[in-house]
Amino acid sequence: MSILINENTKLVVQGITGRDGGFHASKMKSYGTKVVAGVSPGKEGTTVEGVPVFNTVENAVKATGANTSVIFVPAGFAADAIAEASEAGIKLVIAITEGIPTIDVIRITPILEKNGTKMIGPNCPGLISPGKSMVGILPTMIFKQGNVGLISRSGTLTYEMVNQLSTHEIGQSTCIGIGGDPVIGLHYRELLALFEGDKDTDAIVLCGEIGGDAEEQAAAFIKDHITKPVVAFIAGQSAPAGKRMGHAGALITSGTGTASEKIKAFEAAGVRVAKEPAEVPDLIKKAFAK
Amino acid sequence: MKIHEYQAKEIFAAYQIPVQEQVVCTTVEQVGKAYDSMNHPVVVKAQVLVGGRGKAGGIKYCTSKEKAVDAAKNILGMDIKGLTVETVLVCKAVDIANEYYVGLINDRNTKSVLLMVSAEGGVEIEEVAKTHPEKILKIAIDPLVGLQPHQARNVFFKFMKDGNQVRQAADILVKLYKLYVEKDCSLAEINPLVIDNQNNVIALDAKVNFDDNALFRHPEYDAMADYTEDEKLEVDAKEKGLSYIKLDGNIGCMVNGAGLAMATMDMIKLYGGEPANFLDIGGSSNPKKVVHAMEYLVNDKKVKAVLINIFGGITRCDDVARGLLEAFSQMKVTIPIVIRLSGTNAEQGRGLLANNKELITADSMGEAARKVIEAAKKVK
């Protein structure tokens, strides 16, 4: 098993005729993801990388039975594309697009809730269930099938972590980049709960960063609801206050959202916190040895 | 993006939110004239994009022209938290009967625009949030219907007794929400919102931030920007597809991805060094970006050594290597460089750089951090 995506995932790529959309559609396909459709208004009847293109998500779902969507649509139009997927009955939307205005994401949130659509991102690298399916832009060669679930707010830092794990022969069930924006879809809590319920996940790595209090909330949730061992790492311990560190959401405001608060919260919840990414495999091994 | 109080109040006025009569001044003479035109006690307020203006002496209540002129002499040119005051705002003073805090923000937790109101007006709301969170009333606004007048009324009836006052305050709140959404704000604050001795409700201060992600659909904001020298570098970098923030240390870094860039800075600090910057070259690895990135690092005279940490995903290590070679051919790089390439096309990248014997290579982040700190120590 794994969470959210697996061999039954049938993917529609929104924005497939764009440069990034086409490129990553082909990458996902070659990994084995079932990329069944693309959407680009006005381009129905054409194909990209052998994938049929439709005018609307509705048409794509009708023709192919797509159940998951990935968004490569430019920032100004991306929220609309996410809402379109939700209204067309897609239950899982992965929004890769960076730089979507926050108010646009806020505006479509009730639509997602109404339709029971889960969203990963925006501004995220996507997710992978190694050996089964990859949706997004992840470099597949570093992943290895196994029993550790990973949740991260970052992209390349995730790769760093995964590489550490795989090099130490620790495989992964599902790895998810949840995105670096302030307002995002699924957060730590929902994903921790999914991993807790996944019988093929035996431990969880949580990779957080400064800004907001999602890590503190995750810590409280872990304390009360998660029985599987959790290892955490927090990026941004050296970040100054008041500066947005690349990610729109990575911002310390008036002394809140700091790395040290988050680390304290995790430690208080019994979560092992790594000082540097290289420590993560060791901490996982220690957790398994218990 | 932050804007000045006077700019925020101009937007308020355009939305019919009551503000006091105001004159924007950049010279002492203008302040004197402004006093004459109002012929009423005034407040002279420093216009700098940083909090704590009052505490720093940047806000003065003046009951005569002489006092206003003196205040202007003092405040213009004053340094507030590293920023020089170049503009002051002269406002007609108000006799305050009561003051409140009103704010709107994009809230991560409720995934909505969150309204916050408190009777603790005029003080730092973050302080209130820490010490007395129960004194802040919060309402998550439904984005599909927006802030409704009855919600605004209900909030203020908790703080005010007079129906006329509540009606005015609620009206301001509804307008503030409209402004917030239409202008793509990430923060809109009135602190304080006051009731004067004539029973008028007025926005005495105004703070508005725009969502950086939405700037693309508001070209008119360009003219409102007032960036510091460091911020200019950040904006300039953004135009080149880089995310750059200058810091105070002496070890420059160039990394792909924001999270890894932060983690790299953390590693430098963990091993006893001080990062000179945050620099994320972003997802796609156009060699030109690497050249631009090197320019920032070389132009920062504090930088004694550079750490390049690349974990290739979409970013290809060979592209980064090509960019570096191009940078070396275009500019004189005398500081030591430690480079760690991993992931997509790392082998090819290393191959391209093999002839550059002065480059120090590392296999892991930890090794790279240790080596760059060592190298920086050797530079005089």
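In what follows, every chain begins at residue 1, and chains take the letters A, B, ... in the order their sequences are listed.
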For this session: Check whether Ser364(B) gets within reach of chain A through its side chain, its backbone, both or neither, counting any heavy atom under 4.5 Å.
Result: neither

Exercise. Chain A heavy atoms under 4.5 Å from Glu234(B): which part of the residue, side chain, backbone, both or neither?
Worked result: side chain

For this session: For Phe221(A), enumerate each residue passing the ring pair (Phe, Tyr, Trp, His ring centres under 6.0 Å) test, keeping only those at least two apart in sequence or located in another chain.
Result: His225(A)

Problem set entry | Whether over 12 other heavy atoms sit under 6.0 Å from Lys246(B) NZ | yes

Exercise. Which atoms of Asn256(B) come close to chain A, meaning under 4.5 Å heavy atom to heavy atom: side chain ones, backbone ones, both, or neither?
Worked result: both

Exercise. Got Asn109(B) and Asp213(A) here, is their nearest side-chain heavy-atom distance under 4.5 Å?
Worked result: yes

Problem set entry | When Thr110(B), Leu270(B), Leu279(B), Asp107(B) are compared by non-hydrogen pairs under 4.5 Å with chain A, the top option | Leu270(B)

For this session: Could you have a look at Ile245(B), Val255(B), Asp280(B), Leu242(B) and say which one has the most heavy-atom pairs with chain A under 4.5 angstrom?
Result: Ile245(B)

Exercise. Rounded to the nearest 0.5 Å, how far does CE of Met267(B) lie from OG of Ser238(A)?
Worked result: 11.5 Å

For this session: To the nearest 0.5 Å, tell me how far Ile108(A) CD1 sits from Leu144(B) CG.
Result: 10.5 Å

For this session: Calculate, to the nearest 0.5 Å, the distance between atoms CG and CG belonging to Asn213(B) and Asp181(A) respectively.
Result: 5.5 Å

For this session: Please look at Tyr271(B) and chain A and tell me whether the side chain, the backbone, both or neither of the residue comes under 4.5 angstrom of a heavy atom of that chain.
Result: side chain

Exercise. With a 4.5 angstrom heavy-atom cut-off, which part of His24(A) approaches chain B: side chain, backbone, both or neither?
Worked result: side chain

For this session: Select one option (side chain, backbone, both, neither) describing which atoms of Val113(B) are under 4.5 Å from chain A's heavy atoms.
Result: both

Problem set entry | Interface moiety of Pro277(A) toward chain B, non-hydrogen atoms closer than 4.5 Å | side chain

Exercise. Which bit of Phe311(B) comes within less than 4.5 Å of chain A, counting heavy atoms only: side chain, backbone, both or neither?
Worked result: both

Problem set entry | Proximity breakdown for Glu209(A) and chain B, heavy-atom pairs closer than 4.5 Å | side chain

Problem set entry | Which portion of Leu138(A) sits near chain B, non-hydrogen atoms under 4.5 angstrom | neither

Problem set entry | Residues, nucleotides or ligands: over 12 heavy atoms within 6.0 Å of Arg189(A) CZ | no

Exercise. Does atom CG of Asp248(B) have more than 12 heavy-atom neighbours, drawn from other residues, nucleotides or ligands, at distances under 6.0 Å?
Worked result: no

For this session: Just do the side-chain contact (heavy atoms from CB on, under 4.5 Å) check on Val181(B) and Arg107(A) with the steps written out, would you?
Result: CA-CA 10 Å; Val181(B) 173; Arg107(A) 205 175 274 135; 3.2 Å; yes

Exercise. Taking non-hydrogen atoms and a cut-off under 4.5 angstrom, which of residues 95-102 of chain A neighbour chain B?
Worked result: Gly99(A), Ile100(A), Pro101(A), Thr102(A)

Exercise. Between Lys111(B) and Gly185(A), is there a donor-acceptor pair closer than 3.5 Å when you use the side chain of the first and the backbone of the second?
Worked result: yes

For this session: Under 4.5 Å, heavy atom to heavy atom: which of residues 155-165 of chain A reach chain B? Give them by number, or say none.
Result: Thr156(A), Leu157(A), Tyr159(A), Glu160(A), Asn163(A)

For this session: Select, from Ser152(A), Gly212(A), Gly76(A), the one with the greatest count of heavy-atom pairs under 4.5 Å involving chain B.
Result: Gly212(A)

Exercise. Considering residues, nucleotides and ligands other than Lys240(B), do more than 12 of their heavy atoms fall under 6.0 Å from its NZ?
Worked result: yes

Seminar exercise, completed: If you tally heavy-atom pairs under 4.5 Å between each of Ser112(B), Pro275(B), Gly366(B) and chain A, the highest tally belongs to Ser112(B)

Exercise. Would you find more than 12 non-hydrogen atoms of other residues, nucleotides or ligands less than 6.0 Å from Phe77(A) atom CZ?
Worked result: no

Exercise. Can you tell me how far the CD1 atom of Ile184(A) sits from the CZ atom of Arg108(B), to the nearest 0.5 Å?
Worked result: 9.0 Å

Exercise. Which residue out of Pro110(A), Ala278(A), Ala214(A) racks up the most heavy-atom pairs below 4.5 Å with chain B?
Worked result: Pro110(A)

For this session: Enumerate by number any residue of residues 257-266 of chain B whose heavy atoms lie under 4.5 Å from heavy atoms of chain A; in the absence of such residues, state 'none'.
Result: Gly257(B), Ala258(B), Gly259(B), Leu260(B), Met262(B), Ala263(B), Met265(B), Asp266(B)

Seminar exercise, completed: If one checks every heavy atom of Tyr180(B) against chain A at 4.5 Å, the contacting part turns out to be side chain

Seminar exercise, completed: Between Arg217(B) and Ile103(A) the two heavy atoms that sit nearest each other are NH2-CG2, 3.8 Å

